[in-house]
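Within every chain, numbering begins at 1; the chains are lettered A, B, ... in the order of the sequence lines, protein sequences first and strands thereafter.
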Number of protein chains: 2
Amino acid sequence: MAQSDTVDRILDAAEELFAERGFSETSLRMITSKAKVNLAAVNYHFGSKNALIHAVFARFLTPFSATLEQAFDELEERCGDHPPTLNETLWALTESSIRMPQRNEKGIAIFMRLLGLAYTQSQGHLRKFLEQEYSEPFSRFMRLLKQATPQLSAVDRYWRIQFMLGATAFTMSSSDALRDILQNKTGVETSVQEIALRLVPFLAAGMQAENPMLTPPLDSKISVA
Amino acid sequence: MAQSDTVDRILDAAEELFAERGFSETSLRMITSKAKVNLAAVNYHFGSKNALIHAVFARFLTPFSATLEQAFDELEERCGDHPPTLNETLWALTESSIRMPQRNEKGIAIFMRLLGLAYTQSQGHLRKFLEQEYSEPFSRFMRLLKQATPQLSAVDRYWRIQFMLGATAFTMSSSDALRDILQNKTGVETSVQEIALRLVPFLAAGMQAENPMLTPPLDSKISVA
DNA sequence: GAGTGTCTCAAACGTATGTTTCAAACAGAC
DNA sequence: GTCTGTTTGAAACATACGTTTGAGACACTC
């Protein structure tokens with residue numbers, strides 16, 4: 001074979017195992033035995049385990065980042081001069097992730113789970129890699145959010161964006177487990193698309209909540225001070 | 001010394017390191033050297049690394065669970081026959097965690113971060129341990145949430161609770177870092193109490209958002225199917 | 001078909017991990 | 001003081017990890 005498929009087999013296996021178990025909990029030997037390739041192939045083709053992790057992310061993040069840029073372009077064009085609304089911005093992001101070209105049926109779930117892990121697991125090298133490779137669509141999203149919520153103070157907006165990120169990353173990073181729990185308890189099946197469909201209204205409502213400082217009940221022991 | 005403080009020193013060090021780095025990324029040798037105790041002390045006092053993880057959780061979860069039960073008791077008593085509202089329920093939980101007896105100033109952040117990790121890192125033994133030890137206050141909270149949101153279907157409510165958990169665990173677990181970023185960018189100081197003050201309205205608004213299935217924009221490519 | 005660069009393979013390397021061992025130190029009771 | 005049960009200490013254990021090695025197989029060029 002001229003161009004070996006070993007690289008792809010490794011990436012496929014690594015992607016799935018990383019998503020299932022996390023990075024440090026997945027050994028190269030698990031990956032190579034699942035991919036049915038030799039152990040040394042990983043270091044031959046990628047150089048190191050960290051570089052393999054980067055490659056796994058790059059394989060889906062590069063096309064996703066392109067799709068997202070395009071979605072933002074269309075959105076801003078469609079809106080003309082007035083800035084896109086919060087709902088439109090969130091849906092542009094959601095649709096981009098859902099309509100991504102998928103390698104298999106688990107595509108989105110793995111994609112989301114990996115993104116969640118990237119935030120959650122404190123892998124310094126990964127964060128650095130993602131920041132310097134994909135900072136542009138990220139800050140563009142932030143800019144759109146700012147335009148869509150002019151009524152919020154910078155501080156309020158900052159914290160609410162963190163809340164959104166948290167709800168998304170956390171839910172997606174354990175979406176398999178959560179889906180299974182729900183499946184066992186109620187027999188209801190839930191696709192990742194449906195989770196996203198439920199998540200966006202939740203986030204939008206939270207972002208647009210009333211002034212946060214007025215809500216503690218009168219008898220609360222917490223002072224605003 | 002009659003009752004050694006080795007146990008507590010190990011628990012303190014383990015708690016902090018686990019919260020900083022996760023479970024598999026923290027070795028017993030890191031813990032014992034931070035705690036300035038012998039390596040074998042962990043296995044002597046706790047039996048295994050997994051048992052140590054359980055002990056770390058039990059040390060703050062047991063008193064917290066008691067505080068929470070009490071807060072729920074007071075809440076339900078105060079409300080008489082009608083069920084507590086969503087805001088009241090959320091505030092009862094928030095105040096319980098904020099007013100927890102804290103070992104140090106990082107108390108709440110570590111507490112939240114560990115809870116988030118427990119959900120995120122796929123440590124089967126931990127989930128099993130937490131479920132069989134602390135299922136009661138958890139399901140009581142769930143019951144209160146159910147009563148406070150009768151308009152939601154069971155499935156909607158399930159997912160929205162996950163979103164709340166995520167926003168909370170994620171934000172609180174990285175509250176130190178997030179506070180510092182905000183401090184550097186805007187010069188604004190934020191206490192954990194203030195984060196909670198901002199978080200609760202966000203969550204309440206998200207929980208009470210309009211029917212999630214009606215919100216995708218008209219030109220959306222996503223079908224509700 | 002000899003030569004060349006690419007890739008695979010089994011084996012080993014060095015290091016780090018969780019756990020165990022066993023002697024020494026310590027405490028409190030008699 | 002001596003004994004007894006508990007706790008600490010340094011060292012070793014077995015295992016798993018990421019990585020490296022060097023010989024072999026393969027496809028291709030000239």
Side-chain angles (χ1 to χ4, degrees), chain A residues 1-59 114 117-118 121-129, chain B residues 1-59 117-118 121-126 128-129:
Chain A
M1 54 200 91
Q3 177 71 332
S4 157
D5 64 342
T6 302
V7 168
D8 291 306
R9 299 246 298 285
I10 293 175
L11 284 174
D12 287 337
E15 185 178 81
E16 200 159 333
L17 285 171
F18 285 153
E20 267 175 25
R21 319 173 33 92
F23 302 113
S24 354
E25 292 84 356
T26 301
S27 72
L28 292 184
R29 284 167 177 83
M30 292 180 198
I31 295 172
T32 53
S33 82
K34 178 178 182 116
K36 294 198 175 63
V37 303
N38 188 269
L39 171 61
V42 173
N43 282 281
Y44 174 78
H45 286 287
F46 298 95
S48 70
K49 184 181 179 181
N50 280 353
L52 170 62
I53 296 178
H54 296 175
V56 167
F57 272 83
R59 185 168 64 151
L114 287 176
L117 286 180
Q121 313 229 143
S122 60
Q123 303 261 355
H125 67 97
L126 219 191
R127 195 166 302 198
K128 214 167 294 177
F129 168 78
Chain B
M1 55 199 89
Q3 176 71 329
S4 157
D5 65 341
T6 303
V7 169
D8 291 304
R9 298 245 299 285
I10 293 175
L11 284 173
D12 288 337
E15 182 178 82
E16 202 159 330
L17 286 173
F18 284 152
E20 269 174 25
R21 318 172 36 91
F23 303 114
S24 359
E25 292 84 356
T26 302
S27 72
L28 292 184
R29 284 169 177 80
M30 293 178 197
I31 295 171
T32 54
S33 81
K34 177 176 183 121
K36 295 197 175 66
V37 304
N38 189 270
L39 171 62
V42 172
N43 282 282
Y44 174 76
H45 286 289
F46 298 95
S48 71
K49 185 182 180 181
N50 280 353
L52 170 62
I53 297 177
H54 296 176
V56 166
F57 273 85
R59 186 168 63 150
L117 286 181
Q121 314 229 141
S122 61
Q123 304 261 355
H125 66 96
L126 219 193
K128 214 167 294 177
F129 169 77

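Classified by interplanar angle (parallel below 30°, tilted 30° to 60°, perpendicular above 60°), the ring pair A/Phe57/A/Phe23 is tilted.
Taking the side chain as every heavy atom from C-beta outward, A/Lys49 and A/Ile31 never approach each other to under 4.5 Å.
Across all strands, A/Ala40 comes closer than 4.0 Å to base atoms (heavy-atom distances). Contact annotation for A/Thr26: backbone-only contact, meaning every heavy-atom pair under 4.0 Å involves sugar-phosphate atoms and none involves a base.
OP1 and OP2 of C/dC7 both lie 4.0 Å or more from every side-chain N or O belonging to A/Thr6. In this structure, A/His45 does not reach the C/dT6 phosphate: none of its side-chain N or O atoms is under 4.0 Å from OP1 or OP2. OP1 and OP2 of C/dA16 both lie 4.0 Å or more from every side-chain N or O belonging to B/Ser27. The phosphate of D/dG18 (OP1 or OP2) has no side-chain N or O of A/Ser48 nearer than 4.0 angstrom.
Toward the 5' end of DNA chain C, the nearer of the two residues A/Tyr44 and A/Leu39, judged by each one's closest nucleotide, is A/Tyr44.
Between B/Leu117 and B/Gly22, the closest heavy-atom pair is CD1-CA, 3.9 Å. Minimum heavy-atom separation, A/Met30 to A/Arg21: CE-NH2, 3.5 Å.
If you take CD of A/Glu25 and P of D/dA16, they are 16 Å apart, rounded to a whole angstrom. The distance between atom CE of A/Met30 and atom P of D/dA16, rounded to the nearest whole Å, is 10 Å. Between the C1' atom of C/dT15 and the CZ atom of B/Arg29 lies a distance of 11 Å, rounded to the nearest Å. Atom CG of A/Leu28 and atom C1' of D/dT20 are 13 Å apart (whole Å).
Across D/dT7, D/dA10, D/dT19, the shortest atom-to-atom separation from the side chain of B/Asn38 is found for D/dA10.
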